[in-house]
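Presented below is the structure to which this report refers.
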Amino acid sequence: MQTDEDIPQLPNIRPQYTYTAPVSRIHEQRDIDAFVQTRAFDRIMTFVMLLNKSVMQKKISDACHISPQTQRILDMLDTLDSWIDEFPPLDNPQRFGNKAFRSWAAKLVESSTTIMKSVLSEDLHDAIPELSEYLNKGFGNETRIDYGSGHELSFAAWLAGIALLGGFTPDDYQAIVLRIFVKYLELVRRIQTTYTLEPAGSHGVWGLDDHQFLPYVWGSAQLINHPRLLPKSILQRDTVDAFADDYMYFRCIQYILQVKRGPFFEHSPMLNDISSVFSWNKVNTGMSKMYVAEVLKKVPVVQHFKFGNLFPFNR
């Protein structure tokens, strides 16, 4: 597991930041080889690992610092959640992809600049055109009506962009995961179930999860050295239900059990295999490596990610 010395701090790029329109840079496998050498890759992984460290052995219900910036984002997520009631699912007979999601997504794109002006402090407003690229793509694709780990990455990049510009400090990291991201996950789950979004870029039964990845990284960090819960505890439904409110990992498993039918080892063989690992520390290290391999190094996932001044595609 990474120690404090292993994880550099995020740079504060506010003094030298100027807006650059984000552009696509990843189209084929050799672009991935370039991507992993970039400052963009470094900033994303630094952010993921700093947040990972901040929630080690922490429950969702634990008290944590809630800055005005954090609170404004929580309020924003409540607003986005309320829009689902404005656009109820259409009575169309499709099994996947209710087109009402397009109306919800269109409202986000239309409103994102206005929303961010109220959510972000004024000294960050010049970055809104670049930040909107990541916020707008953080909840699913309105054309394909799908959602997956690439959209999750986009929302995480939006938060990382705010941090890079000095909108968050390290004091906020725990709340970014256990308040903001937890609320975000409940929102995207509601969107998935309301509008029957297809899994985007999923490996089906051979993937980790149809939709999410980061809550398994940060969720396993929460559980390191837990006195009673072990990786195999996810196989007991009553244990899952008892601890889902306090641990992201168990909430992910609970959600899978709510939406999938049949034996767990059949519909989620990878999670089932991981449950036999002996410690959460080992699970956390494995999930961190797997995030790089299965999300950041996969062309179908990151080909939609765009690079500007927040996430520069240079060494």
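Heavy atoms only, all atoms of each residue included: I145 and G97 are closest at CG2-CA, 3.4 Å. In plain terms, the two heavy atoms of N309 and E130 that are nearest each other are N-OE2, 2.7 Å. Between Q69 and V119, the closest heavy-atom pair is NE2-O, 3.1 Å. Here the shortest heavy-atom pairing between H211 and L197 reads CE1-O, 4.0 Å. Pairing each heavy atom of K306 with each of S24, the nearest pair is CE-OG, 3.6 Å. Taking all atoms of both residues into account, the shortest heavy-atom contact from L90 to A100 is CD1-N, 3.7 Å.
Checked by atom type and distance alone, the side chain of T38 never pairs as donor or acceptor with a backbone atom of A34 at under 3.5 Å. Under the 3.5 Å distance criterion, the side-chain polar atoms of S132 are left unmatched by any main-chain donor or acceptor of T113. At distances below 3.5 Å, at least one donor-acceptor pair connects side-chain atoms of R102 with backbone N or O atoms of E142. Side chain of Y184 to backbone of L74: no donor-acceptor contact under 3.5 angstrom is found. With hydrogens and angles ignored, the 3.5 Å screen pairs no side-chain donor or acceptor of Q254 with any backbone N or O of D245. In this structure, H304 contributes its side chain and G150 its backbone to no donor-acceptor pair below 3.5 Å. E152 places a side-chain N or O within donor-acceptor distance of the main-chain N or O of F213, the cut-off being under 3.5 Å. At distances below 3.5 Å, not a single donor-acceptor pair connects side-chain atoms of T196 with backbone N or O atoms of T193. With hydrogens and angles disregarded, no donor-acceptor distance shorter than 3.5 Å links the side chain of D210 to the backbone of G148. Between the R43 side chain and the L310 main chain, a donor and an acceptor come within less than 3.5 Å of each other.
A continuous path of ILVMFWY side-chain contacts below 4.5 Å connects F168 to L164, so both sit in one hydrophobic cluster. By the criterion of side-chain heavy atoms lying less than 4.5 angstrom apart, applied directly or through intervening Ile, Leu, Val, Met, Phe, Trp or Tyr residues, V188 is grouped together with I256 in one hydrophobic cluster. F47 and V36 fall within a single hydrophobic cluster, where Ile, Leu, Val, Met, Phe, Trp and Tyr are joined by side-chain heavy atoms under 4.5 Å apart, directly or via other members. Grouping the Ile, Leu, Val, Met, Phe, Trp and Tyr side chains by contacts below 4.5 angstrom, directly or via other members, places V109 apart from L80. I66 and L178 sit in two unconnected hydrophobic clusters of ILVMFWY residues. Membership requires side-chain heavy atoms under 4.5 Å apart, directly or through other members.
Aromatic ring orientation, F101 versus W104: parallel (interplanar angle below 30°, classes split at 30° and 60°). Using a 30° and 60° split on the angle between ring planes, F311 and F305 fall in the perpendicular class, above 60°. Aromatic ring orientation, F35 versus F307: perpendicular (interplanar angle above 60°, classes split at 30° and 60°).
Taking the six-membered ring for Trp and the full ring otherwise, the centers of F139 and F155 sit less than 6.0 Å from each other.
Within 6.0 Å of NZ on K59 lie no more than 12 heavy atoms contributed by other residues, nucleotides or ligands. Within 6.0 Å of CG in D81 there are more than 12 heavy atoms belonging to other residues, nucleotides or ligands. For E122, the CD atom counts as loosely surrounded, since its 6.0 Å shell holds 12 or fewer non-hydrogen atoms of other residues, nucleotides or ligands.
Between Y255 and E186, the side chains place no donor N or O within less than 3.5 Å of an acceptor N or O (distance only, hydrogens not considered). Side-chain contact, T79 with S82: no donor N or O sits under 3.5 Å from an acceptor N or O. For the 3.5 Å distance criterion, the side chains of N52 and N284 qualify, holding a donor opposite an acceptor. Side chains of S279 and N281: no donor on one and acceptor on the other come within 3.5 Å.
Note that the OG atom of S268 and the CD1 atom of I253 stand 7.0 Å from one another [nearest 0.5 Å]. One finds the CZ atom of R179 at 3.5 Å from the SG atom of C64 (value rounded to the nearest 0.5 Å). Here the CG-CG distance, from L214 to L51, works out to 9.0 Å after rounding to the nearest 0.5 Å. The structure places CD1 of I234 at 11.5 Å from CG of L229, a figure rounded to the nearest 0.5 Å. Remark: L131 CG to I162 CD1 distance equals 6.0 Å, nearest 0.5 Å. Atom-to-atom distance recorded for I44:CD1 and Y291:OH is 7.5 Å, nearest 0.5 angstrom.
Annotation: side chain of R189 is in contact with side chain of C252 (closest heavy-atom distance under 4.5 Å). No side-chain heavy atom of L50 sits less than 4.5 Å from a side-chain heavy atom of P170. Side-chain atoms of L10 and Y173, non-hydrogen and from C-beta on, do get closer than 4.5 Å to each other.
Salt bridge absent: E110 and K107 never bring a charged side-chain N and a carboxylate O closer than 4.0 Å. Residues R251 and D241 are not paired through a salt bridge, judged by the lack of any N-O separation under 4.0 Å between the basic side chain and the carboxylate. A salt bridge links E133 with K137; the closest basic N to acidic carboxylate O contact falls under 4.0 Å. Using a 4.0 Å cut-off between a side-chain N of Lys or Arg and a carboxylate O of Asp or Glu, D31 and R25 do not qualify as a salt bridge. Here R190 pairs with D85 in a salt bridge; the nearest charged N to carboxylate O distance falls below 4.0 Å.
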Worksheet item: Do Y249 and Y216 pass the ring pair (Phe, Tyr, Trp, His ring centres under 6.0 Å) test, and can you show the C-alpha distance, the side-chain angles, and the key distance before you say yes or no?
Response: CA-CA 5 Å; Y249 200 105; Y216 293 99; 5.3 Å; yes
Discussion item. Using the rule given for ring pair (Phe, Tyr, Trp, His ring centres under 6.0 Å), can you reason through W218 versus F181, listing the C-alpha separation, both sets of side-chain angles and the distance that settles it, and then say yes or no?
Written reply: CA-CA 10 Å; W218 299 330; F181 213 79; 5.0 Å; yes
Fill in: Criterion side chain to side chain donor-acceptor pair (under 3.5 Å) on T70 and S67, from CA distance to verdict
CA-CA 5 Å; T70 296; S67 65; 3.1 Å; yes
Practice prompt. Decide salt bridge (charged side-chain N to carboxylate O under 4.0 Å, His left out) for D126 and R14; before the verdict, give the C-alpha distance in whole Å, the side-chain angles of both, and the deciding distance to 0.1 Å.
Written response: CA-CA 10 Å; D126 61 327; R14 177 64 270 177; 2.8 Å; yes
Worksheet entry | L230 and S233: CA distance, side-chain angles, deciding distance, side chain to side chain contact (heavy atoms under 4.5 Å, CB included) verdict | CA-CA 5 Å; L230 297 167; S233 303; 4.0 Å; yes
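Checked options K58, Q57, K282; the residue passing with I224 is Q57 (criterion: side chain to side chain contact (heavy atoms under 4.5 Å, CB included)).
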